[in-house]
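A quick note: this is a predicted structure, and the numbers were derived from the prediction, not measured. Chain naming here is simple, since letters A, B, ... match the order of the sequence lines and numbering starts at 1 in each.
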Amino acid sequence: MTEPATATDGRAELAKAYVPAEAEAIVTQRWQAANASHAEPAAPGTPTYSIVIPPPNVTAALHLGHALNNTLQDVLVRYHRMRGHATLWMPGTDHAGIATQTVVEKRLLNDGIKRLELGRDAFIDKTQEWKDEYEAIILSQLKQMGFSCDWDRTRFTMDEICTVAVREAFYRLFDDGLIYRGKRLVNWDPATRTALSDDEVEMEEIDGHMWYLRYPIEGGPLDDGTTHVTVATTRPETMLGDTAVALNPDDPRAEALRGRRVVLPIVNRSIPIVEDDYVVMADPDSTEAKAQYASGFLKVTPAHDPNDWDIGQRHELAVINIMGPDGSISDQYGWDDVSDQARAFVGMSREDARTAIVAWFDDNDLLEQVRNYTHSVGHSYRSHVPIEPWLSDQWYVAVTDDKLRGSALRAQNAEQLPDMPDGVGDRGRSDGDGSLTFYPARYARTYASWHENIRDWCISRQLWWGHQIPVWLRIVDESDASAEVIDALERAGIDQAEPVQSEWTRRGAAHHARRVTATEIEESICIGPDAAVRRSDARDATTEADLVAAVEAAGYTRDPDVLDTWFSSALWPMSTMGWPWSEDFPETEGLLESFNPTSVLTTAREIITLWVSRMVMFNRYFLDGQLPFTDVFIHAMIQDGHGQKMSKSLGNGVDPRDIIHSHGADALRYSLVQMTTDTQDVRMPVNIVCPHTGDVFEPEFITNASGYTVTAPVQSSPSDPSKKMVSAYGIATAEAAATDDMPAARNTSAKFDLGRNFANKVWNATRFALGRLDGTSESTANRVVNAAQASFADRWILARLQQTVTEIDSLMGRYQFNQIAETLYDFIWRDVSDRYLEAVKATIDTDVDQQVVLGAVLDAVLRLLHPVCPFVTETLWPNVAAVRGGSVAGLALPPSELVALAAWPVADDSLADPAVIADFDRADALAAAIRTVRSEQQVKPRREITMHVPPAVSALIDTAGGVVESLAGIGTVDDAEGAPPGANIIVFEGEQVLLSDMVDAADAGAEIARLDKRIDELRKQVSGLDARLSNAGYVDNAPPHLVDETRQQRAAAQADLEATQAARSAL
RNA sequence: GGGCGAUUAGCUCAGUUGGCUAGAGCACUGCCUUCACACGGCAGGGGUCGUUGGUUCAAGUCCAAUAUCGCCCA
């Protein structure tokens, strides 16, 4: 193999096959040296194109899902950059609060270190180290895949510039009354001890039980002798916090029970019986599981169930919280009527308490029955333990406010969401209304219906890793409260925050107060970033540090919680571009004006609610209705070979670096683009590369504890089973560790062969041309070829090029990625390589015009393919540039040092030539028919045969100017009369074409068989067409052009049939 | 429970508003190591388009049921 020496102009000697690893390293350097992907704000009048990367979490290395997502973005970005747009692709990573904290905690625990013992600052340092490590890995992966992000602008969601944006956004929302603090039921994760938003809760089907517990009726039996009511519950342990029993008002038993109370067992609490529509009535014959299992009585535990909370609100029930933050039974969080009997349960875990309480009911003859019951239970997406609805103080964004939710809905394209939901109001209030378009369109409804059912967004997380909430709190007794606070609270009820005018607001902070108990008041001071405090028009504005010091001196302490990760992600298209004060970060000046709204957001569908919605709400809120992006492209998901979603726990993620290693980055990218369709998720069966032998083999699978099919952690080499290796699953799940004897094995997949072969094809097609072109010669250097005077093959390939450019332009605008890949494949492989290069082989060495055309076509091919396959095209670019000369009229291909910075080809309409394309297809069809006979007669490929043609066919052959001869291996073209006896006959367009000099002795039997088979086919075809034409319904109702077409087809098939029959009978 | 998507060749997938003999890649068969490419060329085999019913001159495509799988929401 030739060493790819790099000359100063970037040209390399071309090896026989494309070697991605060598090319990728060199090309990456050239891009870096040219700063090829850097963007500056657009000059006036220049069109812009921008994308912000969905910032990957710093929890782990990227997998193929990221590769897909970002490949699509790079295709768009490179395409628009070549189109001459000022193009920005903003890269970065996300701190991913809970996810990162969890992985770091786990790693520390492996070393025996506990987070709480380590302390907040030291833990954050450790997490920072993790972040640095994985951020570097992620950025390196992105670069290895060739992504043309503006690396100079790489951001992290906890960078100072992002922090300023987060602080300012929080401050403004707080000041505007859209952020509030309240005691609510939250989705509590007892394992990580933090609240989760609704979106972070995953529902899982659980095989559980329905327990039927008897609660004695207070004050003696009813008239019918009933002594108790039976409540049905899946969570008996929460009964300690029951504050009512509810039944449906339509229940026949309601009247007798009205006004009665029950005595809560164990606790001996007297609780009311209330009537509420929510309660499902018992009906053993119902098709609904709920009614089948219902007893008609519902225990109501407002502190531990969201539905019960609502019932409690309606009936003004007490709220008794019987659990601590770790999910154990506790009397420290609002339970103060603990009976002696109940005391025994305090301190138990929720699981133990469930067992113990059921046992207690059984022992006391109050357990009526137990039935198996499958129901869905919310689990933490992070720790996977069941969620505990838990009462606590949290911060919320009032996303249900019209300024957020309504704005998000009004943003939607009116074609995709014609009617606004009730109460949202019509579009047309602000700029971005009606401009948000989803591709594929069906996701517009997903987005809309989510907003219709949205609840306020819980943004506080009990974590250390993240943006700490910029609010300082203190609780004061009403008697100690300032007059300003009392004055503000006059206007409000309990648990409602009210703005206060105070010394703090006069110094540039925001001040709220709310009553938290009958006598206590909670005051909260929100302080903006230093840049905001300094700019404040408040009378006594100082600095953030001074203000914080003063607030803390006054007895306020900062809320230790941090913000939900998605709060900072929601600001990503703004914060990365310098909002709110780009003058403080000069490198960002002008970005917001040039590049926000961005052109498109590319993401997977799971993130529509978490991220897309919130970016829309925030961007519009802070930027006068301006959208963060106008298009949203939702792409497919990559599943493993068993149709399972790729996930860390299944260890079935594939590292793109493995694919780059086995196939190259361009192959990875091309194959991913090729499989990106509107609808279908993609299955990716993965093989393993043996690190000992290089063998590629299908791994051994096992079924894990949860019933999923996973790769066995340790695999054996197929050719030598004594050699072992660790699979990616083994590494991801830590079930096996790589050693010298048992190294880690890379993954690969045959799905990427397609892309690798294609890159190699481009490579070799170019090598062919390089051997035939010499652009430095006098004759070609300044030659301008006019298509009208060019040869048939040249006119054809230029017409096809024009068609291809037009098609790709259209497909790019519609995000039809798989069709882009197919269009490129068809043009480059089928047309340029298989047909054009074969057709010109005979003439290229002498036809100077053809050399110009070939050079131009190759140049255009590299440009067209560049967005998808940047490495191979950039590698070949200088070589092609060096040998091509002249130009083609109507085909603009201005020179450029790098193809990455070259102009997208512009092919004038004058190059379009449907007649030439039609004639070429005819010539190609004739050649194909001849090749079929050659193959059947086993004619040697190099043997040049003679064809004998009637005048009609002769005309085509003349028109085609040698193409038929080249493609069919014809040495001589003769007229029909000259055919020797025994010549083979094919029928083309109703005419007989004879072939001779095929073999030394013709096989008459094979010839007869072939013609008989063809006659059979043609008969079927004719009779099929006859059937259609004899159908009056078709002739009368189908569009006339289709009927005409059918008649022509019928005539052509009939002519072919007759000619073939004539040939057959001549034998 | 609600919504969305899928079911087409052995495998992985295309098939735009209904209209040429339902396509591609891999795999398979035969021939070819021809001076761009065996990561290749040429030729070929292989599909009752999940099932049932309907609309239509015409259904892989539209409608209705139904089965199976996946995802999202509750």
Can you tell me the base-pairing partner of [N]? Count Watson-Crick or G-U wobble geometry only, both distances below 3.5 Å, and say none if there is no partner.
| N | value |
| --- | --- |
| B:rC49 | none |
| B:rG1 | B:rC73 |
| B:rA43 | B:rU29 |
| B:rC62 | B:rG54 |
| B:rA22 | none |
| B:rA67 | B:rU7 |

So does [X] get a side-chain nitrogen or oxygen closer than 4.0 Å to the phosphate oxygens (OP1/OP2) of [N]?
| X | N | answer |
| --- | --- | --- |
| A:Arg445 | B:rC4 | yes |
| A:Trp829 | B:rG41 | yes |
| A:Asn453 | B:rA74 | no |
| A:Thr932 | B:rC42 | no |
| A:Arg830 | B:rG25 | yes |
| A:Ser935 | B:rC31 | no |

Please report, rounded to the nearest Å, how far the [atom2] atom of [N] is from the [atom1] atom of [X].
| X | N | atom1 | atom2 | answer |
| --- | --- | --- | --- | --- |
| A:Arg767 | B:rG40 | CZ | C1' | 12 Å |
| A:Tyr18 | B:rA36 | OH | P | 22 Å |
| A:Asp640 | B:rC69 | CG | P | 17 Å |
| A:Leu1029 | B:rC20 | CG | P | 15 Å |
| A:Asp666 | B:rC39 | CG | P | 19 Å |
| A:Gln937 | B:rG44 | CD | C1' | 15 Å |
| A:Ile930 | B:rA43 | CD1 | P | 12 Å |
| A:Trp450 | B:rC73 | CH2 | C1' | 11 Å |

Assign [X] to base, sugar-phosphate, or nothing according to its heavy-atom contacts below 4.0 angstrom with the strands shown.
| X | result |
| --- | --- |
| A:Phe758 | nothing |
| A:Arg772 | sugar-phosphate |
| A:Thr446 | nothing |
| A:Ala750 | nothing |
| A:Arg942 | base |
| A:Gln639 | sugar-phosphate |
| A:Arg931 | sugar-phosphate |
| A:Ser833 | base |
| A:Arg934 | nothing |
| A:Asp1036 | nothing |

[N] to [M] separation - [atom1] atoms, rounded to the nearest Å:
| N | M | atom1 | answer |
| --- | --- | --- | --- |
| B:rG15 | B:rU8 | C1' | 9 Å |
| B:rU61 | B:rU56 | P | 16 Å |
| B:rA6 | B:rC49 | C1' | 13 Å |
| B:rA14 | B:rU7 | C1' | 15 Å |
| B:rG18 | B:rA58 | P | 15 Å |
| B:rC26 | B:rG40 | P | 7 Å |
| B:rG19 | B:rA43 | P | 28 Å |
| B:rG45 | B:rA27 | C1' | 13 Å |

Exercise. Does a side-chain heavy-atom distance below 4.5 Å link A:Ile828 with A:Lys761?
Worked result: no
For this session: For the residue pair A:Ile660 and A:Glu24, establish whether any side-chain heavy-atom pair is separated by less than 4.5 Å.
Result: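 Side chain of A:Ile660 against side chain of A:Glu24, heavy atoms only: contact under 4.5 Å found.
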Exercise. Is A:Asn453 reaching over with its side chain to a backbone N or O of A:Ser449, donor-acceptor style, under 3.5 angstrom?
Worked result: yes
Problem set entry | Verdict with supporting geometry, A:Val673 and A:Asn818, side chain to side chain contact (heavy atoms under 4.5 Å, CB included) | CA-CA 6 Å; A:Val673 169; A:Asn818 67 314; over 6 Å; no
Salt-bridge present ([X], [Y]; N to O < 4.0 Å):
| X | Y | value |
| --- | --- | --- |
| A:Arg683 | A:Asp640 | no |
| A:Asp826 | A:Arg830 | no |
| A:Glu989 | A:Arg922 | yes |

What nucleotide among [options] has an atom nearest to a side-chain atom of [X]?
| X | options | result |
| --- | --- | --- |
| A:Thr677 | B:rC37, B:rA14, B:rA43 | B:rA14 |
| A:Leu1025 | B:rC37, B:rG41, B:rU21 | B:rU21 |
| A:Ala765 | B:rA43, B:rA36, B:rG30 | B:rA36 |
| A:Asn760 | B:rA36, B:rG40, B:rC37 | B:rC37 |

For this session: Step through it carefully: locate the ring centre of A:Phe758, locate the ring centre of A:Tyr670, and say whether they are under 6.0 Å apart.
Result: yes
Exercise. Toward the 5' end of RNA chain B, which comes first, A:Thr766 or A:Asp753, by nearest nucleotide?
Worked result: A:Asp753
Problem set entry | Nearest-nucleotide 5' precedence on RNA chain B, A:Arg814 against A:Leu754 | A:Arg814
Problem set entry | Six-ring centre of A:Phe768, A:Lys841 cation under 6.0 angstrom, axis tolerance 45° |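 A:Lys841 over A:Phe768 ring: yes.
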Problem set entry | Base of B:rC37 paired with side chain of A:Lys16 (donor-acceptor, under 3.5 Å) |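 Donor-acceptor pair under 3.5 Å: no.
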